[in-house]
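Take a look at the structure set out below.
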Amino acid sequence: MKITNICCIGAGYVGGPTMAVIAKMNPKIKVTIVDINAERIAAWNDEDVSNLPIYEPGLAKIVKETRGKNLFFSTEIDQAISESEMIFISVNTPTKTYGKGKGMAADLKYVELCARNIAEVATTDKIVVEKSTLPVRTAQAIKSILHNTGSEVKFEILSNPEFLAEGTAIEDLLNPDRVLIGGESEAAIESLAKVYGSWVSQDRILRTNIWSSELSKLTANAFLAQRISSINAISELCEHTEANVSEVAKAIGMDSRIGSKFLNASIGFGGSCFQKDILNLVYIARSYGLNAVADYWEQVIILNDHQKRRFSDNLISTLYNTVSGKKIAMLGWAFKKDTNDTRESAAIYVADHLLSEQAHIAVYDPKVSGIKIQSDLNYLNTRTEEENNDLVKAFEDPYKATENSHAIAIMTEWDEFKTYNWGKIYDGMKKPAFIFDGRNILDKTEMETIGFEYSSIGK
Ligand code: UDX
Ligand code: ADP
């Protein structure tokens with residue numbers, strides 16, 4: 001099938017950047033991104049591209065180049081489905097918060113709604129591409145919904161998981177390590193391979209069966225998260241043995257069998273994928289009765305929770321066992337640098353713990369608004385919204401955020417934090433002035449020379 005018209009359902013962190021790059025690299029294909037969230041679509045259509053709903057380096061420039069030419073954002077879902085030959089499903093698949101599999105399984109209701117929507121509206125043959133991360137065997141459910149419409153329309157289902165990381169999405173999309181396409185129909189696979197072929201060499205486009213493709217996405221994220229939990233486990237041991245986790249990471253990373261990436265000890269991984277995907281893997285393994293497999297992967301999450309807790313426990317014990325009424329300044333709220341995404345950010349859990357110990361929290365993040373910070377905390381339901389409002393304040397200036405604070409906790413590795421006038425910050429703080437560097441981004445000697453009591457992870 002020659003593709004001239006693509007529809008993407010879901011204008012989020014995955015759908016937005018991915019379709020923007022597909023549109024840029026395929027000027028002859030019309031790409032329409034649709035979403036039920038009208039506010040989000042309006043933000044994507046904002047004339048001022050600095051107001052796009054997603055912050056991602058390089059994204060605004062591509063949207064500016066392509067929007068209105070061959071990239072469109074719309075709430076007219078049915079129309080976009082009906083006009084397209086290929087439909088990407090990029091809706092969210094959060095962990096279930098109710099019923100069977102609560103807290104573990106992926107909630108597939110949004111995916112199912114999309115499949116039903118496509119089934120209802122389609123009058124011509126379609127290739128349906130799973131872009132959202134889904135549990136292995138989801139394609140079966142989509143297939144069953146699409147193939148039971150009673151109409152003559154033919155659907156081919158492909159799995160094409162996204163491997164981009166937020167903060168580097170555009171770079172990852174432009175130069176992917178690989179593009180993975182799983183499916184049954186060779187013709188459908190080749191149609192999608194051709195779309196990517198505009199800028200990705202064919203030897204990097206991997207074709208597999210659909211189940212391998214679905215499972216590879218979960219497995220890739222589980223392996224990546226496992227590396228972080230592994231180095232974080234070693235960080236705790238370092239703190240007890242005078243070993244230095246950065247030195248250990250460098251030493252092991254130079255072994256080409258291990259490799260140097262993803263060995264930065266931290267306050268723990270966040271983001272919309274790692275925890276959700278591992279929970280998914282664990283849930284699937286348990287549902288097949290594979291308890292040893294499930295326990296093995298679950299430990300990656302247990303260790304991650306432990307790392308977040310350990311960070312806040314250490315902060316409290318260092319501040320003479322109480323943070324009650326003290327001002328703690330948090331630098332960074334996003335789950336990593338160069339994104340405004342806060343899903344599962346370690347900062348949320350550390351803040352929640354400190355708030356339960358009656359701390360006052362001041363937050364500065366270059367890309368996250370105070371409203372978002374409040375809604376992240378309210379979502380946990382630990383205390384009333386009024387209490388969160390009283391105890392947590394967001395600032396637009398890091399010097400104001402840290403003024404009169406007892407301690408600073410660095411939660412995100414934003415580059416700008418390294419360039420601050422730390423002497424000025426020190427002068428404005430209560431003494432002794434503590435820094436808890438959850439990202440190991442500052443220089444210990446320099447901070448101690450200024451006068452800070454500095455502690456980091458794994459050193
Ligand atoms: C991840 C995968 O990398 C990506 O391939 C997949 O498509 C989606 O999930 P993402 O969650 O956007 O991407 O970011 P990633 O760079 O993987 O970081 C995840 C978390 O791990 C962040 O909180 C980050 O700070 C943390 N991290 C990462 C560490 O703590 N140490 C590291 O060495 C690397
Ligand atoms: P991701 O990180 O996977 O991209 P997001 O939450 O950022 O997740 O984006 C998913 C988007 O999908 C949201 O904007 C949401 O409104 C949209 N969405 C969810 N269900 C539907 C649906 N049935 N039809 C259209 N859009 C949907």
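Just follow the structure's listing: the first ligand is 1, and inside any ligand the first atom is 1.
Geometrically, ligand 2 and Val14 share a nitrogen or oxygen pair separated by less than 3.5 Å. The shortest N or O to N or O distance between Asn37 and ligand 2 is not under 3.5 Å. In terms of N/O distances under 3.5 Å, ligand 2 is approached by Asp35. Looking at Ser272 next to ligand 2, no N or O pair under 3.5 Å apart turns up.
Cation-pi geometry between Lys367 and Tyr55 is met: under 6.0 angstrom from the ring centre, within 45 degrees of the axis. A cation-pi contact links Arg178 to Phe163, judged by a cut-off of 6.0 Å to the six-membered ring centre and 45° from its axis. Cation-pi contact between Lys30 and Phe72: present, with separation from the ring centre below 6.0 Å and deviation from the ring axis of at most 45°. Geometrically, Lys308 engages Tyr349 in a cation-pi contact defined by less than 6.0 Å to the ring centre and at most 45° from the axis.
In this structure, the protein non-hydrogen atom closest to atom 26 (N) of ligand 2 is Ile36 N, 3.4 Å. Distance from atom 2 (O) of ligand 2 to its nearest protein heavy atom, with residue and atom name: Arg343 NH2, 2.8 Å. The nearest protein atom to atom 23 (N) of ligand 2, hydrogens excluded, is given as Cys114 SG, 3.9 Å; this is a heavy-atom distance. Looking from atom 12 (O) of ligand 2 to the surrounding protein, the closest heavy atom is Gly10 CA, 3.4 Å. When hydrogens are left out, the protein atom nearest atom 18 (N) of ligand 2 is Val91 CG1, 3.6 Å; that is the closest non-hydrogen contact. Of all protein heavy atoms, the one lying nearest to atom 19 (C) of ligand 2 is Asn92 OD1, 3.4 Å. In terms of protein heavy-atom proximity, atom 5 (P) of ligand 2 is closest to Arg40 NH1, 3.7 Å.
Residue contact check: Ile77 has heavy atoms under 4.0 Å from atoms 24 (N), 25 (C) of ligand 2. For ligand 2, the atoms sitting less than 4.0 Å from at least one non-hydrogen atom of Ser90 are 10 (C), numbered in the order shown with element in parentheses. Short contacts between ligand 2 and Ile9, defined as distances under 4.0 Å to a heavy atom of the residue, involve ligand atoms 24 (N), 25 (C), 26 (N). For ligand 2, the atoms lying closer than 4.0 Å to a non-hydrogen atom of Gly12 are 4 (O), 5 (P), 7 (O), 9 (O).
Ser246 and Lys459 are linked by a side-chain donor-acceptor pair at a separation below 3.5 angstrom, with hydrogens and angles left out of the test. Counted by atom type alone, Trp414 and Asp365 present one or more donor-acceptor pairs between their side chains at under 3.5 Å. A side-chain N or O of Tyr296 and one of Gln226 form a donor-acceptor pair less than 3.5 Å apart. Between the side chains of Lys276 and Thr93, a donor-acceptor pair is found at a separation under 3.5 Å. The closest side-chain donor-acceptor pair between Glu236 and Asn232, if any, does not fall under 3.5 angstrom.
In this structure, Ser132 does not count as a contact residue of ligand 2, since none of its heavy atoms falls inside 4.0 Å of the ligand.
Checking side-chain atoms of Arg204 against main-chain N and O of Asp177 turns up a donor-acceptor pair under 3.5 Å. Counting only distance, with no hydrogens or angles, the side chain of Thr18 and the backbone of Gly15 share no donor-acceptor pair below 3.5 Å. The closest donor-acceptor contact from the side chain of Asn160 to the backbone of Lys131 lies at 3.5 Å or more, if one exists at all. Within the 3.5 Å criterion, the main-chain N or O of Phe274 finds no donor-acceptor partner in the side chain of Asn221.
Listed as neighbours of ligand 1 are Glu162, Phe163, Leu164, Ala165, Glu166, Lys217, Asn221, Leu224, Ile228, Phe262, Leu263, Asn264, Ser266, Phe269, Gly270, Cys273, Phe274, Phe335, Lys336, Arg439, each bearing a heavy atom under 4.0 Å from the ligand.
Phe395 has its ring centre no less than 6.0 Å from the ring centre of Tyr364.
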